[in-house]
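One structure is given here, and the rest of the page talks about it.
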Amino acid sequence: MRHIRTFRSFWPLAVLLSIGLIGALILSVNIGPDGPLWALSFSPKLSKVVFWDLRLPRAILALLVGAGLAGSGAFVQGVFRNPLATPEILGVSAGASAGAVLFLLLGWGGWSLWGLGLGAWLGALVSAGLVFLWGSRQTGLSGLLLAGLALSSLLSALSSIFLLMSGQLQLSHFLFWLAGSLENRRWEHVILAAVTILPAMTVLMLQAGHLNVASLGDETAISLGLNLERYRLVNLMVVAFASAGCVATAGAIGFIGLMIPHAVRLLWGEDYRFFIPLSLLSGGLFLSLADTAVRLLPWTIPVGLLTALLGAPLFLVLVRTQIQGRP
Amino acid sequence: MPATLEFEQVLWAPRGVPLLKNLTATFTPGSVTAVVGPNGAGKSSFLKAAAGFLNIKQGRILWKGKEQRFFGHRQAANFRHWCGSEDEDGLTVRSVVEAGVYPLAGRWQSLTEAQLQRLKELGTTLEVLLDWNDPRAFRSFSSGERRLVHLIRTFLLPAELYLLDEPGAPLDLRHRLLLGNLLRQTAAQGATLLVSYHDLAEALSVADHVIVLERGQVKIHGSVKELTPELIKSVWRVQSPETGWTWASLETKT
């Protein structure tokens, strides 16, 4: 019988992913429609503006939002013990969108980004609360997912109606809320994302050890001393906070919360103590690379469309290998 | 010695359907009680009530003379250990084993030297030949292997009350006997064990007491000697030959 050791490949992987993140950040600030950074060096003033005001905030925001989406997705999958349960599928992201757009419409928060953030947070909180109430009523997980899908469609429809009612409609706005984009992000977006996503992700990483116990099933988890109801409620609120930060700064970027945790699980295994941090890092890396790729295209498309285009087929491949790997 | 577990006039009737009725029973330390009865007799509900999972509205359930609801989550977790009949979930072998020390260690469960020693001991007692660091997903193991890992989780830390719902169901014959030894050993150290069984021969080989449930009520609670062929015939509606009940035949309608 062998000794129990810690997950041996965790630290090398975490370091490798962190190096990848830094690489992606450097790549991201060097690439853009105005050409690479060194080509702008004949005009130091312009290159300074491009670097500081355009590229760096956008690159950092991509890392933050990617990490927030993937980390929240991984955590919610664990809390509900279902690989399909993510904030976007349970309607939490749609709730954030609807809340933000409603605040836009009513003019609360004076059109500022922080007003949007508050609206997104309230919307996410309400939808997470609804999902929690539904989930704790013993309707089973498929009932929970169906309720989430219904809630999601309802709230998306509401968002669209609010946008149309606002009379300020521009196609880019519409795309932003429906597909998610990192176009023209400024430092204030970065700050909003940082103050919501970073604390939330820290909490989720600290809470990840409890998820291993929750994965044993409700009764067994309770018998081991986990206050499951409170744990679910508190952490769904934390996830709602992170989702609100992602949605208010980058719109509804799809598939990352679902796909990145799946990929991490398949490649590196299941233990949540390692799974949550690795999902965070991978999500940041993925969205950063996706956003860089989007900017290389000759025409402007929202990065959310690219993640969906890449994500869906990759997801199918992963599901297939997962099914084949099972007895 | 005070009783580890007491039921006082417990009624459990979710949605108006009584699953446990008028249930009064006392369980003392140092014994294995077999919980038996036909399907739907209330064995699982009884064990869940004993574990404190049910929101009992009528009657009281006491742990060491104190009502269950006065125990905190942690305190309860260290007092009673549970292995459910559907306990086959988990992430990896290691994560399930480490969950066994969660009542003491909290969120960063990892085994101390003494606990590691205990793990090896349990692995030898139950003859579990698994690599604790096996990276494969837990669900890719057989149901018997998964149950053995969960049993190891259950017995890793000491407790006063062990509640096991059909622990032997997915196990092979040898592992059922080894489990029986572990249960006897644990009882000899002063713990109280309640274990549900379908296999009466297995129940009788392990337990010193038996509680027979029928439609949510206690039919008999006492020494295993009270499990007579007449009783088996009346509760399970099977005929048992003089030699025993292991090769019982279906009762013919008269």
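Residue numbers start from 1 in every chain, and the chains themselves are labelled A, B, ... in the order their sequence lines are given, proteins ahead of strands.
- Ranked by heavy-atom pairs under 4.5 Å with chain A, the first of Arg80(B), His150(B), Arg74(B) is Arg80(B).
- Between His73(B) and Arg230(A) the shortest side-chain heavy-atom distance does not fall below 4.5 Å.
- Most heavy-atom pairs under 4.5 Å with chain A: of the set Ala76(B), Gly52(B), Ala77(B), this distinction falls to Ala77(B).
- Proximity of Ser215(A) to Phe138(B): side-chain heavy atoms (C-beta onward) are nowhere separated by under 4.5 Å.
- Across Leu224(A) and Ala99(B), no two heavy atoms sit closer than the pair CD2-O, 3.4 Å.
- Neither the backbone nor the side chain of Phe275(A) comes within contact range of chain B; no heavy atom of the residue lies under 4.5 Å from a heavy atom of that chain.
- Around atom CH2 of Trp63(B), more than 12 heavy atoms belonging to other residues, nucleotides or ligands sit under 6.0 Å away.
- When heavy atoms are compared at a cutoff of 4.5 Å, Arg153(B) approaches chain A solely by way of its side chain, counted from C-beta outward.
- Closest of all the heavy-atom pairs between Leu91(B) and Asp271(A) is CD1-CA, 4.2 Å.
- The structure places CG of Leu226(A) at 4.0 Å from OH of Tyr102(B), a figure rounded to the nearest 0.5 Å.
- Counting heavy-atom pairs closer than 4.5 Å to chain B, the top residue among Leu211(A), Asn212(A), Asp218(A) is Asn212(A).
- Neither the backbone nor the side chain of His81(B) comes within contact range of chain A, judged by heavy atoms closer than 4.5 Å.
- A distance of 11.5 Å separates SG of Cys83(B) from CD of Glu219(A), quoted to the nearest 0.5 Å.
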